[in-house]
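Sharing a structure here in C-alpha coordinates format.
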Amino acid sequence: MKFFSKKHKEGFALIEIIVSMAAGIIILVSFVTLAMQAKKISRSNSEKLRATLYLREMIEVAKDLETSNWGELLNLSCADPLSCHPEIVAGAWKFSANEEILDNGFFRRSLSVFPVYRNQLAFPNEIVTTGGILDPNTKKVRADISWLGEFGARTMNLETYVHAP
(Lines give C-alpha, C1' and ligand atoms only; values in the text may rest on other atoms or scores of the structure.)
Protein backbone atom coordinates (compact mmCIF):
# COMPACT_ATOMS: atom_id res chain seq x y z
CA MET A 1 0.00 0.00 0.00
CA LYS A 2 2.87 2.33 0.73
CA PHE A 3 4.27 1.79 -2.77
CA PHE A 4 0.92 2.79 -4.35
CA SER A 5 0.72 6.00 -2.30
CA LYS A 6 4.26 7.06 -3.22
CA LYS A 7 3.49 6.63 -6.92
CA HIS A 8 0.25 8.49 -6.51
CA LYS A 9 1.99 11.42 -4.79
CA GLU A 10 4.70 11.61 -7.48
CA GLY A 11 2.09 11.67 -10.24
CA PHE A 12 0.14 14.35 -8.41
CA ALA A 13 3.27 16.55 -8.14
CA LEU A 14 3.77 16.27 -11.90
CA ILE A 15 0.16 17.33 -12.49
CA GLU A 16 0.63 20.30 -10.13
CA ILE A 17 3.71 21.42 -12.10
CA ILE A 18 1.87 21.15 -15.43
CA VAL A 19 -1.17 23.06 -14.10
CA SER A 20 1.08 25.76 -12.62
CA MET A 21 2.98 26.16 -15.89
CA ALA A 22 -0.28 26.36 -17.85
CA ALA A 23 -1.63 29.01 -15.47
CA GLY A 24 1.63 30.97 -15.76
CA ILE A 25 1.53 30.83 -19.56
CA ILE A 26 -2.12 31.96 -19.61
CA ILE A 27 -1.31 34.90 -17.33
CA LEU A 28 1.75 35.84 -19.42
CA VAL A 29 -0.17 35.67 -22.72
CA SER A 30 -2.99 37.73 -21.21
CA PHE A 31 -0.56 40.37 -19.97
CA VAL A 32 1.25 40.60 -23.33
CA THR A 33 -2.08 40.86 -25.18
CA LEU A 34 -3.26 43.57 -22.79
CA ALA A 35 0.01 45.51 -23.19
CA MET A 36 -0.20 45.31 -27.00
CA GLN A 37 -3.84 46.47 -26.98
CA ALA A 38 -2.98 49.35 -24.64
CA LYS A 39 -0.17 50.41 -26.98
CA LYS A 40 -2.54 50.30 -29.98
CA ILE A 41 -5.13 52.39 -28.16
CA SER A 42 -2.46 54.85 -27.05
CA ARG A 43 -1.27 55.27 -30.66
CA SER A 44 -4.86 55.72 -31.81
CA ASN A 45 -5.48 58.38 -29.16
CA SER A 46 -2.26 60.12 -30.15
CA GLU A 47 -3.37 60.16 -33.80
CA LYS A 48 -6.76 61.56 -32.83
CA LEU A 49 -5.14 64.28 -30.71
CA ARG A 50 -2.80 65.30 -33.55
CA ALA A 51 -5.76 65.35 -35.96
CA THR A 52 -7.73 67.55 -33.56
CA LEU A 53 -4.82 69.97 -33.26
CA TYR A 54 -4.48 70.16 -37.05
CA LEU A 55 -8.21 70.89 -37.34
CA ARG A 56 -8.12 73.56 -34.64
CA GLU A 57 -5.19 75.19 -36.43
CA MET A 58 -7.30 75.52 -39.59
CA ILE A 59 -10.22 76.98 -37.65
CA GLU A 60 -7.83 79.47 -35.98
CA VAL A 61 -6.55 80.50 -39.42
CA ALA A 62 -10.14 81.16 -40.51
CA LYS A 63 -10.78 83.17 -37.34
CA ASP A 64 -7.60 85.17 -37.98
CA LEU A 65 -8.68 85.89 -41.54
CA GLU A 66 -12.07 86.98 -40.23
CA THR A 67 -10.42 90.10 -38.82
CA SER A 68 -7.25 90.49 -40.88
CA ASN A 69 -8.20 89.58 -44.48
CA TRP A 70 -11.91 88.89 -45.03
CA GLY A 71 -11.38 88.81 -48.79
CA GLU A 72 -9.31 85.64 -48.49
CA LEU A 73 -12.37 83.86 -47.06
CA LEU A 74 -14.17 84.72 -50.28
CA ASN A 75 -11.46 82.87 -52.25
CA LEU A 76 -13.26 80.79 -54.87
CA SER A 77 -10.78 77.91 -54.55
CA CYS A 78 -12.40 77.13 -51.16
CA ALA A 79 -16.05 77.57 -52.11
CA ASP A 80 -18.27 74.53 -51.75
CA PRO A 81 -17.81 71.89 -53.24
CA LEU A 82 -14.11 72.74 -53.59
CA SER A 83 -11.60 72.61 -50.77
CA CYS A 84 -8.33 74.32 -50.00
CA HIS A 85 -5.66 74.60 -47.35
CA PRO A 86 -3.94 77.57 -45.69
CA GLU A 87 -0.34 78.58 -46.37
CA ILE A 88 1.74 81.51 -45.22
CA VAL A 89 2.68 83.66 -48.22
CA ALA A 90 4.70 86.85 -47.66
CA GLY A 91 3.89 86.76 -43.94
CA ALA A 92 0.13 86.41 -44.37
CA TRP A 93 -2.31 83.52 -44.54
CA LYS A 94 -3.49 82.62 -48.04
CA PHE A 95 -5.56 79.71 -49.27
CA SER A 96 -4.23 77.29 -51.88
CA ALA A 97 -6.41 74.89 -53.83
CA ASN A 98 -6.81 71.23 -52.87
CA GLU A 99 -6.13 69.39 -49.66
CA GLU A 100 -2.92 69.51 -47.66
CA ILE A 101 -0.85 66.42 -46.92
CA LEU A 102 0.82 66.34 -43.49
CA ASP A 103 3.22 64.04 -41.61
CA ASN A 104 4.66 62.37 -44.71
CA GLY A 105 1.23 61.56 -46.13
CA PHE A 106 -0.32 60.27 -42.91
CA PHE A 107 -2.93 63.07 -42.60
CA ARG A 108 -4.92 64.80 -45.34
CA ARG A 109 -6.72 67.99 -44.35
CA SER A 110 -8.76 70.58 -46.16
CA LEU A 111 -10.93 73.60 -45.51
CA SER A 112 -14.20 74.50 -47.21
CA VAL A 113 -16.16 77.75 -47.07
CA PHE A 114 -19.93 77.71 -47.44
CA PRO A 115 -22.44 80.51 -47.92
CA VAL A 116 -24.82 81.23 -45.06
CA TYR A 117 -28.55 81.78 -45.44
CA ARG A 118 -30.83 83.40 -42.89
CA ASN A 119 -34.58 83.33 -42.45
CA GLN A 120 -34.65 87.17 -42.65
CA LEU A 121 -32.13 89.99 -42.78
CA ALA A 122 -33.60 91.99 -39.88
CA PHE A 123 -32.88 90.99 -36.30
CA PRO A 124 -33.67 88.40 -34.97
CA ASN A 125 -32.40 86.43 -37.91
CA GLU A 126 -31.56 82.78 -37.67
CA ILE A 127 -29.35 80.65 -39.87
CA VAL A 128 -31.37 78.19 -41.96
CA THR A 129 -30.20 75.10 -43.82
CA THR A 130 -32.65 75.36 -46.72
CA GLY A 131 -34.10 78.40 -48.43
CA GLY A 132 -33.66 81.78 -46.83
CA ILE A 133 -31.79 84.92 -47.82
CA LEU A 134 -28.03 84.92 -48.53
CA ASP A 135 -25.99 86.68 -45.83
CA PRO A 136 -22.89 87.97 -47.67
CA ASN A 137 -21.20 88.97 -44.40
CA THR A 138 -21.23 85.51 -42.82
CA LYS A 139 -19.53 82.30 -43.96
CA LYS A 140 -19.55 78.78 -42.59
CA VAL A 141 -16.05 77.27 -42.45
CA ARG A 142 -15.51 73.52 -42.19
CA ALA A 143 -12.13 71.90 -41.63
CA ASP A 144 -11.83 68.19 -42.52
CA ILE A 145 -9.05 65.71 -41.83
CA SER A 146 -8.65 62.04 -42.70
CA TRP A 147 -6.06 59.36 -42.03
CA LEU A 148 -5.58 55.62 -42.00
CA GLY A 149 -5.04 54.64 -38.37
CA GLU A 150 -4.68 51.50 -36.25
CA PHE A 151 -8.42 50.80 -36.42
CA GLY A 152 -8.99 51.67 -40.10
CA ALA A 153 -9.83 54.86 -41.99
CA ARG A 154 -10.73 57.79 -39.74
CA THR A 155 -12.17 61.23 -40.45
CA MET A 156 -12.94 64.24 -38.30
CA ASN A 157 -14.22 67.75 -38.94
CA LEU A 158 -14.81 71.02 -37.15
CA GLU A 159 -17.15 73.83 -38.19
CA THR A 160 -17.46 77.46 -37.26
CA TYR A 161 -19.03 80.64 -38.54
CA VAL A 162 -17.04 83.75 -39.40
CA HIS A 163 -18.44 87.21 -39.90
CA ALA A 164 -17.09 90.20 -41.83
CA PRO A 165 -15.76 92.90 -39.50
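In this chain, numbering begins with 1 at the start of the sequence shown. What you are looking at is a predicted structure, and each value in this text was computed from that prediction instead of being measured. All heavy atoms count here, side chains included; hydrogens, waters and symmetry mates do not.
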Under 4.0 Å between a Lys/Arg side-chain N and an Asp/Glu carboxylate O for Lys139 and Glu66?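 Glu66 and Lys139: not salt-bridged.
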
Step through the shown structure and confirm whether more than 12 heavy atoms of other residues, nucleotides or ligands are within 6.0 Å of CD on Glu126.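 No - once you tally the heavy atoms of other residues, nucleotides and ligands closer than 6.0 Å, there are 12 at most.
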
Salt bridge between Lys94 and Glu87, side-chain N to carboxylate O under 4.0 Å?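 No.
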
With rounding to the nearest 0.5 angstrom, report the CE to CG distance, Met21 to Leu28.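 Rounded to the nearest 0.5 Å, the CE-CG separation comes out at 12.0 Å.
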
State whether Asp144 and Arg108 are salt-bridged, where the test is any N-O pair (Lys NZ or Arg NE/NH1/NH2 against Asp/Glu carboxylate O) under 4.0 Å.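 No.
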
Please assess Lys63 against Val162 for the test side chain to side chain contact (heavy atoms under 4.5 Å, CB included), listing each intermediate value before the final yes or no. CA-CA 7 Å; Lys63 290 290 194 178; Val162 291; 4.2 Å; yes

Minimum side-chain heavy-atom gap Trp147-Met156 below 4.5 Å: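 The answer is yes; the side chains approach within 4.5 Å.
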
When you measure from the side chain of Gln120 to the backbone N and O of Pro124, does any donor-acceptor pair fall under 3.5 Å?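 Yes.
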
Calculate, to the nearest 0.5 Å, the distance between atoms CG and CD belonging to Leu65 and Glu60 respectively.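 Here the rounded value is 11.5 Å.
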
Please tell me if the side chains of Met36 and Val32 come closer than 4.5 Å, counting only heavy atoms from C-beta onward.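 Met36 vs Val32: side chains touch.
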
Could you grab the distance from atom OG1 of Thr52 to atom CG of Leu158, nearest 0.5 Å is fine?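 Reported to 0.5 Å precision, the distance equals 7.0 Å.
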
Donor-acceptor pair, side chain of His85 and main chain of Leu111, under 3.5 angstrom: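 No: the side chain of His85 does not pair with the backbone of Leu111.
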
When rounded to the nearest 0.5 angstrom, what distance separates CZ in Arg109 from CG in Asp103?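 Result: 10.0 Å between the selected atoms.
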
Look only at the side chain of Thr138 and the backbone of Asp135, and say whether a donor-acceptor pair between them is shorter than 3.5 Å.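 Side chain of Thr138 to backbone of Asp135: no pair is present.
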
Evaluate Glu159 against Phe114 for side chain to side chain contact (heavy atoms under 4.5 Å, CB included), listing each step before the verdict. CA-CA 10 Å; Glu159 295 180 348; Phe114 301 90; 5.8 Å; no

Would you check if the side chain of Ser68 reaches a backbone N or O of Asp64 as a donor-acceptor pair within less than 3.5 Å?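 Pair found, side chain donor or acceptor close to backbone of Asp64.
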
Side-chain heavy atoms under 4.5 angstrom apart, residues restricted to Ile, Leu, Val, Met, Phe, Trp, Tyr: same cluster for Phe95 and Leu74?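 They do share one cluster, since a chain of ILVMFWY contacts under 4.5 Å joins Phe95 to Leu74.
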
Disulfide (SG to SG under 2.5 Å) contacts touching residues 101-160 (sequence neighbours left out):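 Non-adjacent pairs meeting disulfide (SG to SG under 2.5 Å): zero.
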
Is it true that the side chains of Trp93 and Glu72 contain a donor and an acceptor less than 3.5 Å apart?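 Short answer, no.
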
Lys39, NZ: over 12 other non-hydrogen atoms inside 6.0 angstrom: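 At most 12 heavy atoms, drawn from other residues, nucleotides or ligands, come within 6.0 Å of this atom.
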
Indicate yes or no for a side-chain donor-acceptor contact from Ser46 to the backbone of Ser42 under 3.5 Å, with no hydrogens or angles considered.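 Checked: no pair found.
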
Start with the C-alpha gap between Tyr117 and Ile133, add the side-chain angles, then the distance that decides, and say whether side chain to side chain contact (heavy atoms under 4.5 Å, CB included) holds. CA-CA 5 Å; Tyr117 295 89; Ile133 302 164; 5.9 Å; no

Quick one: OH on Tyr54 to CG on Leu102, what's the gap to the nearest 0.5 Å?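 Here the rounded value is 5.0 Å.
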
With disulfide (SG to SG under 2.5 Å) as the rule and sequence neighbours excluded, what pairs involving residues 80-165 come up?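 Only Cys78-Cys84 qualify under disulfide (SG to SG under 2.5 Å).
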
Would the distance check show the side chain of Lys40 and the main-chain N or O of Phe151 forming a donor-acceptor pair, the cut-off being under 3.5 Å?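 It does not hold such a pair.
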
Taking atom CZ as the centre, does Arg43 end up with more than 12 heavy-atom neighbours from other residues, nucleotides or ligands that are less than 6.0 angstrom away?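 More than 12 heavy atoms, drawn from other residues, nucleotides or ligands, come within 6.0 Å of this atom.
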
Donor-acceptor pair between Ser83 and Glu99 side chains, under 3.5 angstrom: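 Looking only at side-chain atoms, Glu99 and Ser83 do not form any donor-acceptor pair under 3.5 Å.
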
Separation of Leu55 CG from Ile59 CD1 (nearest 0.5 Å):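 Here the interatomic distance stands at 7.5 Å.
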
